[in-house]
Amino acid sequence: MNNHMQQDSLFIHKADALAAEALRQDAAFDTEQWQRYIEQEIGFILPNVQRKWLVNAVTQTALSYGLTILQLWQQLPINHELRQQFLDKVLIHESRFFRHQPSIEFVTECALQHQRRQLANDSNVNSNVNSSVASNANNSDHIGANELFRIWSVGCASGQETWSLAMSLAAKQLTHYTILGTDVSEQALKKARVGQYDKRQQALIPPHCQQFVQPLRQASVIEALRFAPVATNTKQTIKNSVNAHWQVMPTLKQQVRFTLHNIINQEPPTPHLQQVIVCQNMLLYFRKFDQRDILARLSEQCALGGYIILAPGEALFWRPSNMRRIAHPQINAWQKISA
């Protein structure tokens, strides 16, 4: 593995050097042009202070495909794979487990209350039906997929928030729920689906949820490196593979799924209304009018009586007629009160 890592490391250093040289030679590099393109595609506002981040994303993508910066610009509208690779490099995938624990605790309590209501409804149904086998079968259907407690984690990045929610619900022995994590970055979603992270991330998981962590076999890390395509490998890919020490328990994956979704698009990622929609630390990357559009779409996907949870201090300008803000000292939550 050491030889393989050394080869990848040499490739990375060479790519970095070529990227810097490419930028020096391309006097026509227009930062604002690239910023406008990113905003047009995904609504994402990349601040000027992150110009170096943008330059690296552009040059690294161009080099990995053997293109000049100008050729990359010309290919983006017609090459979907190239466009996705570029956006993956531009987007900021930083997240962490239990980033805002009061919000996670609020969602968990909502799920507990939902389960209690379902059990109470089930008890009422049982008391009003015959005890025949047919009636029992019908009652089993009553607690079906339509009664799942549905959570949508918007802008889930590499999955830490999504898995945190799953761990918290599972710690309360809840099983009748489903969590959908969505993001515009396919690269981030691949890591989220695998569910492998480093020791630093594990340290953020509270003791009562450590039961959902299992050590990662070193062999799986070696395989990940061995079969990684060298031509598109990056410094971050190697770092993630080498530093991954644990993974979420496979049992959690039964209730969790991830899908690619651009929140700027009108079409929702699922036809189901959600009991809870968590959208934290994402809106700040959008202009205010885009934030309003995003929140309006989220409210449409929120079930009556359900909640939208934002990060503290986010979207304080929002005053929807069909939502009311929850009086809570630690979280920024809104409940849907009318259709």
Side-chain angles (χ1 to χ4, degrees), residues 31-32 34-57 86-104 106-107 151-165 180-189 191-192 201 204 236 258 260-266 268-269 274 276-302 307-320 323 325-326 328-335:
T31 302
E32 292 184 0
W34 289 93
Q35 288 173 315
R36 286 193 299 271
Y37 174 78
I38 295 164
E39 182 179 358
Q40 173 189 320
E41 291 297 305
I42 56 176
F44 190 88
I45 304 298
L46 198 67
N48 289 329
V49 294
Q50 292 180 330
R51 182 179 187 274
K52 184 177 180 180
W53 181 285
L54 173 59
V55 169
N56 286 338
F86 170 61
L87 293 177
D88 281 347
K89 285 183 169 61
V90 166
L91 294 170
I92 300 170
H93 310 311
E94 180 61 28
S95 185
R96 59 181 183 271
F97 280 86
F98 292 85
R99 184 171 188 169
H100 190 245
Q101 194 152 346
S103 294
I104 292 174
F106 180 84
V107 176
I151 303 170
W152 178 13
S153 174
V154 185
C156 67
S158 300
Q160 288 92 331
E161 176 182 82
T162 312
W163 292 121
S164 296
L165 290 164
L180 172 65
T182 65
D183 201 272
V184 74
S185 170
E186 185 60 53
Q187 177 183 330
L189 290 173
K191 181 175 180 181
Q201 294 281 351
L204 301 172
Q236 189 62 41
F258 296 94
L260 188 71
H261 181 251
N262 186 347
I263 194 62
I264 292 296
N265 290 343
Q266 293 288 341
Q274 308 292 306
V276 175
I277 299 175
V278 183
C279 180
Q280 295 190 316
N281 303 297
M282 188 195 76
L283 292 176
L284 57 93
Y285 294 107
F286 295 87
R287 298 191 190 279
K288 185 175 286 188
F289 59 83
D290 283 329
Q291 292 183 31
R292 288 196 181 95
D293 289 345
I294 290 170
L295 289 168
R297 292 180 194 130
L298 294 183
S299 67
E300 291 176 359
Q301 285 300 111
C302 186
Y307 299 90
I308 295 177
I309 300 179
L310 308 176
E314 271 188 326
L316 296 180
F317 61 86
W318 197 37
R319 295 291 184 272
M323 309 283 292
R325 191 173 182 185
I326 301 301
H328 193 288
Q330 294 178 292
I331 69 171
N332 184 6
W334 299 75
Q335 185 176 32

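Just so it is clear, the values below take in all heavy atoms, side chains as well, and ignore hydrogens, waters and symmetry mates. Because the structure is a prediction, the values reported are computed rather than measured.
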| Nearest heavy-atom pair of Gly43 and Phe286: which atoms, and what distance? | O-CD2, 3.0 Å

| note | Here the gap from Lys89 atom NZ to Leu54 atom CG, rounded to the nearest 0.5 Å, amounts to 13.5 Å

| query | Is any side-chain heavy atom of Glu41 closer than 4.5 Å to a side-chain heavy atom of Phe86? | reply | no

| note | To the nearest 0.5 Å, atom OG1 of Thr182 lies from atom CG of Leu189 at 8.0 Å

| Under a 4.5 Å cut-off applied to non-hydrogen side-chain atoms, are Cys302 and Trp334 in contact? | no

| query | Are the side chains of Leu87 and Gln187 in touch, meaning some heavy atoms are under 4.5 Å apart? | reply | no

| What's the shortest heavy-atom distance between Ile277 and Gln274, and which atoms? | CG1-CB, 3.7 Å

| query | Between Phe98 and Leu204, is any pair of side-chain heavy atoms under 4.5 Å apart? | reply | no

| field | Heavy-atom pair with the smallest gap, counting every atom of Ala315 and Leu310 | value | CB-CD1, 3.9 Å

| task | Only pairs at least two apart or in different chains count here, so list each salt bridge (Lys or Arg N to Asp or Glu O under 4.0 Å) that has a residue in residues 276-292. | result | Glu39-Arg287

| field | Student check: side-chain heavy atoms of His100 and Gln280 closer than 4.5 Å | value | yes

| task | Please assess Trp163 against Gln201 for the test side chain to side chain contact (heavy atoms under 4.5 Å, CB included), listing each intermediate value before the final yes or no. | result | CA-CA 12 Å; Trp163 292 121; Gln201 294 281 351; over 6 Å; no

| message | Is any side-chain heavy atom of Ile264 closer than 4.5 Å to one of Phe44? | response | no

| query | Are Leu180 and Pro269 close enough that some pair of their side-chain heavy atoms sits under 4.5 Å apart? | reply | yes

| With side chains defined as the heavy atoms from C-beta onward, is the minimum distance between Tyr37 and Val90 less than 4.5 Å? | no

| request: Please round to the nearest 0.5 Å and tell me the distance separating atom CG of Asp183 and atom CD1 of Ile42. | output: 9.0 Å

| Value rounded to 0.5 Å, distance of CZ in Phe258 from OG in Ser158 | 9.5 Å

| request: Kindly say whether Ala188 contributes a backbone atom to a donor-acceptor pair with the side chain of Ser185 at under 3.5 angstrom? | output: yes

| field | side chain to side chain contact (heavy atoms under 4.5 Å, CB included) between Arg325 and Asn332, worked out | value | CA-CA 8 Å; Arg325 191 173 182 185; Asn332 184 6; 3.3 Å; yes

| message | Once rounded to the nearest 0.5 Å, what's the spacing between atom CD1 of Ile263 and atom CG of Leu298? | response | 5.0 Å

| Shortest non-hydrogen contact between Ala157 and Ala192, atoms and distance | O-CB, 4.1 Å

| query | Could you give the distance from CH2 (Trp53) to CG (Leu91), rounded to the nearest 0.5 Å? | reply | 9.0 Å

